[in-house]
Each structure stands twice: as structure tokens, then as C-alpha cells.
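This one's a predicted model, so the numbers in the text were calculated from it and none came from an experiment.
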Amino acid sequence: MRTDLNTSTTVRNLGILAHVDAGKTTVTERILYATGATHKRGEVHKGTTVTDYDPQERDRGITIFAAAVSCTWDDHRINLIDTPGHVDFSDEVERSLRVLDGAVAVFDAVAGVEPQSESVWRQADRHGVPRIVFVNKMDRVGADLDQAVTSVQERLRVVPLVVQLPIGQEDGFTGTVDLVRMRALVWGAGPDSFATGAVPDALYDEARRRRRLLEERVAELHPAALEEYCATSALSTATLTAALRDLTRSGEGVVVLCGSAYRNRGIEPLLDAVVSYLPSPADMPPVRGTRGTAAEERAADPSAPFAALAFKVSATATGRLTCLRVYSGTMRKGDTVLDAGTGRTERIGRILHVQADRHAEAEQAVAGDIVAVVGLKGTRAGSTLCAPHAPLVLEPAKAAAPVVSVAVEAGNSTETARLSSALAALVEEDPSLVVRTDPETGQTVLSGMGELHLEVAVEKIRRSHGLHIAVGRPRVAYRETVARGVTGLVYRHVKQDGGAGQFAHVVVDVEPLDGDAGGGGAGAGDGVFEFRSTVVGGRVPQEYVRAVEAGCRDALAEGPLGGHPVTGLRVTLTDGATHSKDSSEMAFRAAGRFALREALRAAEMELLEPVVEVVVTVPDDAVGGVLGDLAARRGRVSGSAARTGTTAVTAIVPLAELFGYASRLRSRSQGRGTFTTRPTGYAPVPVAAYQQALAG
């Protein structure tokens with residue numbers, strides 16, 4: 001692989017995004033093969049892929065950890081991250097998207113847009129990452145490009161710009177017609193038998209029709225293309241290509257290609273599309289950060305002051321590896337850099353271009369590069385590394401709040417210290433995991449994004465550290481919210497114990513938030529809290545108002561029903577009084593805390609539990625049993641869709657009821673059923689179900 005391609009205009013930083021089992025890892029594997037980065041095609045089912053190198057990934061047949069690889073195509077370096085597709089590992093996707101400039105969204109040609117595909121698409125929307133779509137598995141029975149494109153348009157609310165027409169269907173899929181250049185791309189039986197030629201006569205009229213539709217849709221969205229289309233009633237190849245590039249990078253349109261990664265068909269034009277349509281680091285706006293209290297921008301310029309974001313930390317046999325996205329400047333081996341968050345300096349040991357678990361040494365990394373560094377001791381995922389003379393703090397990816405917890409303890413007392421060390425290393429590698437000690441039981445509690453997430457974490461400790469661990473039953477993260485509030489609650493905080501006293505007088509109203517955010521709605525568990533003040537006449541100075549708000553936030557940590565965090569409420573400070581000598585911010589913060597605690601005890605409270613959208617795909621003859629089982633798990637069926645020989649049932653189910661569901665589904669469907677989940681928020685939990693969960 002060439003390592004001299006360090007101009008930011010010839011770099012593409014992209015991720016592969018999709019629902020689990022849509023073919024992301026196979027697409028990545030074929031890209032590496034097509035670019036010459038590997039000389040043998042790896043297979044997921046054989047455990048021989050480059051990016052699924054962890055033993056658990058190979059055992060389970062899914063991607064668990066985001067893996068970075070580098071390759072070259074058409075004199076461009078492509079830094080590619082293969083991301084997980086399972087919902088439990090969405091935080092890995094979030095950290096990857098934070099540092100990417102573009103992405104390829106892979107969809108199944110039969111299933112179209114699946115739930116987790118939609119979730120990762122929304123994640124990319126939040127980060128403003130331009131995307132192109134690759135409709136995979138065109139060789140499957142029931143594959144339908146038009147149907148998949150329709151699902152993209154309807155579920156993702158985007159404008160698909162289809163630039164290919166498939167040649168053949170299902171087993172007869174042999175190639176595509178390139179509608180931009182009006183040529184045929186055909187693959188033979190061998191992995192390297194790729195040829196271009198004239199559009200087949202049988203498809204020529206259909207190809208011309210689709211080219212016309214593509215031109216019309218592009219002209220509707222792109223001013224320069226519209227001008228040429230009005231003048232000539234057509235678009236040249238150059239104009240169409242330039243317009244597709246602009247629409248992709250602005251997000252106004254999404255280029256759609258198709259192929260079969262498993263059969264190695266469609267990968268070369270996909271790589272051409274990555275180079276042609278997705279942005280380089282130089283095309284992206286300058287990265288924004290803070291320097292002290294002031295905002296500052298840094299362009300992707302190798303001569304600018306150095307700034308990079310650490311997005312992944314992993315322990316390897318050769319030492320601690322930190323993955324960085326370099327946003328500006330140049331980093332060389334042996335440089336001293338500043339960790340802007342902690343104020344400590346770090347020394348750059350070795351710089352590596354990553355090939356999953358293999359690496360190639362480099363002397364330097366410049367703006368736009370994604371590399372790994374050996375030698376950093378204290379840098380964490382989310383840390384900013386920068387030039388000591390030009391400090392800058394970049395915004396890290398936001399970690400999602402964990403929803404499932406298990407109690408863990410060492411198999412014997414002699415391994416307790418080793419378990420603590422292993423848990424600390426685990427949390428350092430995966431910030432979406434949280435370790436805490438339960439104050440009531442003294443147990444060590446490990447929290448994560450789902451049952452599978454915790455299974456993988458525990459198994460990693462067992463394999464990597466050789467520890468025997470006892471694991472308690474998973475518990476979900478409950479929340480409490482206000483169903484009916486209170487008004488005019490008066491609290492006086494008066495304390496005299498010698499010296500200066502404390503005095504604060506507050507009057508508060510507490511009410512549920514309107515809409516989905518409160519009152520037990522689907523979003524009530526998302527950490528929603530609103531504070532406002534209607535105090536007039538200066539009865540409570542502004543600095544004390546802020547202290548009351550801080551005190552209220554302190555009180556949200558534990559609710560009156562079960563000590564769970566409180567969310568989905570609005571607190572209004574309506575009145576108050578101060579003392580000329582004894583009032584202080586500390587006194588008003590205490591008053592806010594105790595006032596809200598009293599208000600919550602007086603209010604009508606409601607317990608909330610996390611709920612998920614479940615899509616269960618089973619043979620038609622097993623639908624009745626699945627529906628009955630979902631009802632027994634307090635599930636609410638919201639829809640169903642018939643597919644070839646199978647039915648996909650969609651339901652909203654409490655997360656606590658899904659523990660162990662995989663084995664139950666296998667038994668009810670004779671091993672032919674599958675299911676996926678997607679978090680949808682929180683919903684009220686019946687008291688009986690809550691008590692049963694505590695007892696269990």
C-alpha cells in the first residue's frame with residue numbers, strides 16, 4: 001500500500017454503515033481485495049475477514065468493534081472504518097461518525113431499510129456526514145432495487161439518485177449499467193473478471209429512460225444543472241458528475257449504487273463513487289473548537305497548528321493503541337503534544353496506518369489522516385491532542401446513557417483487585433460502559449447498552465485476563481417522572497451554627513413537561529429537565545436563581561419511588577426572599593435541592609422503564625406463537641409486513657422483558673426466527689412488573 005498519499009485532497013475518510021447482517025464487513029473485505037490491500041478474500045462465515053479480527057466477532061459472526069483499515073484506489077488513500085450493525089454497539093458507530101467525512105450505507109436488496117439502518121442513518125444526520133447508498137445482495141431471491149430505493153425514500157426522507165441499472169436478477173445478476181457514462185459493467189465467474197462495454201440492446205431503452213429520470217431529478221435540485229438542462233434538454237456527463245458530487249456533499253441527494261459484495265460484483269464502481277462524490281478533508285468546513293472561552297476554527301492545513309481527536313483506545317499485545325483523526329497540522333514521530341483536557345503533555349511514539357489488527361509504520365500524519373499512535377499514556381477516547389503553543393479543545397462524541405446493568409464479582413477474593421483493574425481497562429476502551437459500586441449492596445455494577453453488550457464485555461474480561469467472574473441477573477435503568485405536579489411549595493432554608501448563617505427562601509411549582517418529553521411519554525427518560533424563573537422585582541437575584549437551578553439538578557439524581565433518576569419535569573421558581581447577611585449561592589443551592597425533594601414527595605410520581613422497537617422475522621407458520629409470546633412480554637404490536645415466506649412483526653416491548661428472548665424465539669420458530677431491536681425511549685411501568693423485577 002502506498003503511504004505517500006498525504007495530500008488532504010486525495011484522502012477519503014469514510015465509514016461503512018448498516019443494519020446487522022446487511023453485508024458491511026463483506027463490502028469492506030471486497031474493497032480491501034479490489035484495492036490490492038489484501039490478496040485473499042476473507043469470509044465472515046469462515047472467520048477469515050480482516051476487520052472482524054477479535055475472537056468474539058469470529059465466534060458470533062457479527063461486527064462488535066469498529067475497525068479501521070487503509071487502502072488506495074485511483075491514487076487516493078481511503079481510510080475506512082467498518083462499524084458494528086447491532087444496536088448494542090451503537091456507541092462505537094457514534095465515535096466513528098464523529099471523525100468521518102463520508103459514509104457508505106449498505107442496505108439489503110430484499111429487506112431494504114431495516115431498523116438499525118435507520119438508526120445509524122439518523123446518527124450520520126446528526127454529525128452531518130455525507131453518504132452514498134450501496135444496495136447489496138442483488139443476487140438474493142426476491143432482490144428488488146426499485147423496492148429498496150422506495151424504502152430509502154420513504155423511511156429516510158431523502159432524495160435517492162439512482163446511477164445504476166442492474167443487469168439480470170437474483171442468480172442471474174451479472175452486472176450493472178452505469179447511467180452516468182452510459183456503459184455496461186459486467187463481472188464474470190472469476191473474482192477479477194471485470195469488464196466494461198456497450199449497454200445491452202435489451203436494456204438500452206430502459207437505461208435511456210432511467211438516465212432521463214436521473215437528469216430531471218438532478219436538474220430540480222442543482223441550479224447549474226437546471227441551467228444546462230433548460231438550454232439543451234439534457235445533461236453532459238461532466239455536468240451530471242459535478243452535480244451529483246455537490247448534491248451528495250450538501251445532503252440534498254443521495255447517490256444509489258447496487259451490487260453483490262459476496263460475489264465481488266459492484267465494488268469497483270462503488271470505489272469510483274467514493275472518490276468522485278464523497279468529500280475529502282479539504283472539502284470539509286474547518287473544525288471548530290474552543291480555546292479558553294473563545295471559539296476557534298482550524299482548517300485542514302498541514303502547516304496549521306496541530307490538532308487531533310482521539311476516538312478509540314485499545315489494548316493490544318504490543319501496547320496501548322490510540323486511534324486519532326488529525327484535523328490540522330502535522331504530527332511526527334517523537335513530537336510532544338498537549339492533552340488539552342487534562343493539561344498533560346504526551347510524547348508520540350510510533351505512528352501507524354491501521355489495517356485492523358495489523359499496522360504499517362509511518363513517519364508522520366498530516367491534516368485529514370486517521371492513524372493509530374503508540375506511546376500515549378493518559379489519553380482517553382474523546383481527548384484532544386494539540387500543539388502545546390496553540391491549545392484547542394474539540395468536542396468529543398457524546399456517550400449514550402447505559403440502559404442495562406449486571407452485578408459482577410470475582411470468583412474468589414484473591415482476584416478482586418485484578419477484576420477492578422480489568423474493569424478500569426474495559427471502561428477506558430469502551431466509554432459506553434459504566435462501572436459503579438451500589439451504595440446499598442456494595443456490589444460492583446457494570447452498565448451498558450444492552451444484554452449482548454454486557455455479555456461481550458464480561459467475556460472479554462474472562463478471555464483477556466483469565467478471570468472467573470460471577471454475573472448477576474441483568475437489570476434495566478428505571479427512571480421516575482412527575483405525573484401530576486404541585487404548585488406553590490414553600491421551602492425555607494435556615495441554618496445557624498455559629499458564625500455566618502445560611503438563609504434562603506424559595507417558592508416553586510413542579511409540573512410534567514408537555515408532549516413527548518414528559519408525563520411518561522416515550523422520550524421522558526432521555527434526561528429532560530427544564531427550569532425557569534418568574535420572580536419579579538429582584539426578590540431573588542440572578543446569581544441565586546442559577547444556584548436554585550443547580551440545587552434542583554442535584555435533587556434529580558434520586559427520586560422518591562425507588563431512588564432512580566428523575567426526568568421529564570419542569571420546575572418554576574415563582575417567589576423567594578433573601579437575607580442581607582446570611583443569603584449566599586450555597587444556601588440557595590441547598591434550598592433548591594431540598595425544595596424539589598419535598599415537591600417530588602408531594603407530587604404524584606410515575607415509574608418509567610426503557611422500551612425498544614422489536615422487529616421479529618419468522619416463517620408464516622410461526623407468527624401466531626410469536627404474537628402470543630410478545631403479548632405475554634407486555635409488547636404492543638404496531639405492524640406487520642409479509643415477505644417471501646416470512647412475516648416481519650414490529651412491536652414496542654419493555655427492555656426488561658427481552659432478556660433471554662433469543663432462545664425463546666428459536667424454540668418457537670424451530671431456529672428460523674430472527675429479531676432486532678432499536679431503543680425508542682421510556683414508558684410507564686406497571687407497579688406489579690416493577691416489583692417482580694426487583695424480586696427477580
Side-chain angles (χ1 to χ4, degrees), residues 14-25 28 51-52 54 56-57 60-68 81-100 103-108 113-129 131 155-156 311-314 323 381-382 395-405 426-427 429-434 446-457 460 474 476-477 522-523 525-527 610-615 652-653 655 658 662 674-682:
L14 70 139
I16 307 294
L17 312 174
H19 185 88
V20 63
D21 203 33
K24 297 179 310 303
T25 300
T28 304
T51 52
D52 285 354
D54 187 271
Q56 287 201 73
E57 293 178 310
R60 298 174 186 268
I62 61 171
T63 300
I64 296 173
F65 309 106
I81 298 180
D82 178 23
T83 64
H86 197 284
V87 64
D88 282 17
F89 308 103
S90 58
D91 206 63
E92 287 272 333
V93 182
E94 188 76 14
R95 291 197 300 275
S96 299
L97 285 170
R98 173 62 182 84
V99 299
L100 294 173
V104 175
V106 180
F107 298 140
D108 189 312
V113 178
E114 297 172 273
Q116 186 60 11
S117 301
E118 190 172 352
S119 295
V120 296
W121 189 276
R122 302 303 177 208
Q123 286 179 281
D125 280 342
R126 291 198 300 272
H127 289 277
V129 176
R131 279 141 284 171
R155 298 200 63 174
L156 304 181
F311 66 94
K312 186 176 178 65
V313 175
S314 56
C323 292
E395 183 181 0
K398 292 180 174 61
V403 295
V404 180
S405 302
L426 192 68
V427 171
E429 290 188 30
D430 186 353
S432 62
L433 291 168
V434 175
L446 177 64
S447 303
M449 302 303 298
E451 193 175 10
L452 179 60
H453 189 203
L454 295 180
E455 283 181 16
V456 168
K460 187 170 186 178
V476 301
D526 297 339
V611 294
V612 296
E613 180 187 73
V614 183
V615 180
I652 303 298
V653 185
L655 179 62
L658 286 179
T674 61
F675 77 101
T676 60
T677 62
R678 180 171 65 93
T680 59
Y682 280 72

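Under the 3.5 Å distance criterion, with hydrogens and angles disregarded, a donor-acceptor pair is assigned to the side chains of His453 and Asp430.
Contact check for Lys460 versus Leu426: side-chain heavy atoms found under the 4.5 Å cut-off. At least one side-chain heavy atom of Leu14 sits under 4.5 Å from a side-chain heavy atom of Val104. When side chains are defined from C-beta on, Glu114 counts as touching Asp108, because their heavy atoms get closer than 4.5 Å. You'll find the side chain of Leu446 stays beyond 4.5 Å of the side chain of Ser405, heavy atoms only. Side-chain contact between Val106 and Leu17 is absent, with no heavy-atom pair separated by less than 4.5 Å. Proximity of Val614 to Leu658: side-chain heavy atoms (C-beta onward) are separated by under 4.5 Å at one or more points.
Here the side chain of Arg155 pairs a donor or acceptor atom with the backbone of Val113 at under 3.5 angstrom. No donor-acceptor pair closer than 3.5 Å links the side chain of Arg126 to the backbone N or O of Glu94. Judged purely by atom type and a 3.5 angstrom limit, Gln123 uses its side chain to pair as donor or acceptor with the backbone of Ser90. When atom types are taken as modelled, the side chain of Ser432 and the backbone of Asp91 share no donor-acceptor pair closer than 3.5 angstrom.
Note: Ile16 CD1 to Ser96 OG = 11.5 Å, rounded to the nearest 0.5 Å. The distance from the CG atom of Leu156 to the CZ atom of Arg122 is 5.5 Å, given to the nearest 0.5 Å. The line from CD1 of Ile652 to CD of Glu613 is 5.0 Å long, rounded to the nearest 0.5 Å. Here the straight-line distance linking atom CD of Glu92 with atom CZ of Phe311 works out to 10.0 Å at 0.5 Å rounding. Atoms CZ and CZ, from Phe89 and Arg95 in turn, are 11.5 Å apart once rounded to the nearest 0.5 Å. Put simply, CG on Leu454 and OG on Ser447 are 7.5 Å apart, with the number rounded to the nearest 0.5 Å.
Look at Glu395 and Arg98 and you find no salt bridge, because none of the NZ, NE, NH1 or NH2 atoms lies under 4.0 Å from a carboxylate O. Using a 4.0 Å cut-off between charged nitrogen and carboxylate oxygen, Lys312 and Glu429 do not count as a salt-bridge pair.
When Thr83, Asp125, Ile81, Val129 are each tested for a side-chain contact (heavy atoms from CB on, under 4.5 Å) with Leu97, only one passes: Val129.
When all heavy atoms are compared, the tightest approach of Leu433 to Ala457 is CD1-CB, 3.9 Å. When all heavy atoms of Trp121 and Ala105 are compared, the closest pair comes out as CZ3-CB, 3.6 Å. Of all non-hydrogen atoms in Pro610 and Ala477, the two that sit nearest each other are CD-O, 3.5 Å.
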